[in-house]
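To start, the structure under review is shown below, and the notes come after it.
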2 protein chains.
Amino acid sequence: MSPYGDIEVMMLIRTPQDIGALLRERRQKAGLDQAELARRVGVSRQWLVEVEHGKPRAEIGLVLRALNVLDIPLEVGTPRYATGVADTPGIDIDAIVDAARKPQ
Amino acid sequence: MSPYGDIEVMMLIRTPQDIGALLRERRQKAGLDQAELARRVGVSRQWLVEVEHGKPRAEIGLVLRALNVLDIPLEVGTPRYATGVADTPGIDIDAIVDAARKPQ
DNA sequence: CTATAATGTCGCCGTACGTGGACAATTCAT
DNA sequence: ATGAATTGTCCACGTACGGCGACATTATAG
């Protein structure tokens with residue numbers, strides 16, 4: 001089998017989906033259901049459901065609180081100029097997509 | 001003097017203020033003014049101003065885009081059970097504060 | 001297969017968002 | 001001191017947020 005035991009290789013957060021997946025995974029590993037985590041974070045269960053599904057317009061403050069409650073530290077990494085597909089910095093791929101705002 | 005030259009010791013993101021400070025610092029290091037960064041991210045300049053000041057209810061999607069534009073990777077660290085002041089996990093200090101929601 | 005829990009949806013509602021445009025205040029060169 | 005550039009603030013507007021409560025739809029037992 002592959003080398004990395006249960007060492008998570010190094011997760012990068014780039015999108016709301018990443019956040020959602022992370023939260024859900026860690027919540028389950030912590031043995032909490034949505035209702036309980038929501039309660040601890042101080043949000044509605046509905047909110048958690050949507051965020052775990054990658055809601056892009058969730059409030060950053062609440063998201064950070066959820067991460068803190070689950071004891072998930074967010075670190076600022078050093079820029080890697082060749083990680084996965086490079087978004088040419090200077091030209092705004094993402095910003096263009098933005099114009100066509102996803103309805104959820 | 002202290003050991004770390006210009007090695008950033010390891011920044012942890014825990015609050016919207018942290019994000020704001022980070023964005024502002026990196027924006028300036030990149031030699032961009034708010035107008036230019038806002039343009040590249042695809043948001044209004046007003047938005048950037050507020051986020052750099054720590055706006056807690058900014059959309060997470062936009063924030064992540066801003067980080068990406070500035071080429072700032074966010075990594076998921078491994079939980080440290082003694083980093084700074086510990087928030088007893090299980091009891092929700094933050095959630096309580098939440099009730100008294102800051103008017104901005 | 002049947003209870004029961006857990007998760008996903010639906011409306012309604014008050015509130016704040018993010019934007020564009022204009023203007024004030026501040027910082028920076030010269 | 002003068003002017004330009006950068007940053008901060010204001011308003012009005014349309015839109016979506018997040019909360020609540022109820023219900024529908026899967027999982028998980030038993």
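Per chain, numbering begins at 1; letters A, B, ... match sequence-line order.
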Atom-to-atom span, [atom1] of [X] to [atom2] of [N] - whole angstrom:
X	N	atom1	atom2	value
A/Asp33	D/dT28	CG	C1'	13 Å
A/Arg57	D/dT15	CZ	P	11 Å
B/Glu50	D/dT9	CD	C1'	10 Å
B/Leu48	C/dC17	CG	C1'	15 Å
B/Leu62	C/dA16	CG	C1'	14 Å

- Task: Name the nucleic acid region contacted by A/Ala58, choosing base, sugar-phosphate or nothing; use a 4.0 angstrom heavy-atom cut-off, strictly under.
- Result: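 A/Ala58: backbone/sugar contact only, no base atoms under 4.0 Å.
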- Message: Show the nearest heavy-atom pair for residues B/Arg27 and B/Leu37, with the distance to one decimal.
- Response: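 Smallest interatomic distance, heavy atoms only, reads CD-CD2, 3.7 Å.
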- Message: Taking B/Ile19 as the starting point, is it possible to reach B/Val49 by hopping between hydrophobic residues whose side chains are less than 4.5 Å apart?
- Response: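 No, no single cluster joins them.
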- Query: Name the one of B/Leu62, B/Val51, B/Val63 that satisfies side-chain contact (heavy atoms from CB on, under 4.5 Å) with A/Ile60?
  - Reply: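 Exactly one option meets the side-chain contact (heavy atoms from CB on, under 4.5 Å) with A/Ile60, and it is B/Val63.
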- Return the nearest nucleotide to the side chain of B/Val43; candidates are D/dG8, C/dG8, C/dT19.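 Given the options D/dG8, C/dG8, C/dT19, the side chain of B/Val43 is closest to C/dT19.
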- Message: Should the side chain of A/Arg45 and the base of D/dG18 be counted as holding a donor-acceptor pair, with the cut-off at 3.5 Å?
- Response: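 Result: no qualifying N/O pair found.
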- Looking only at N and O atoms, is any donor in the side chain of B/Gln46 or the base of D/dC10 less than 3.5 Å from an acceptor on the other one?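 Check passes, donor-acceptor contact within cut-off.
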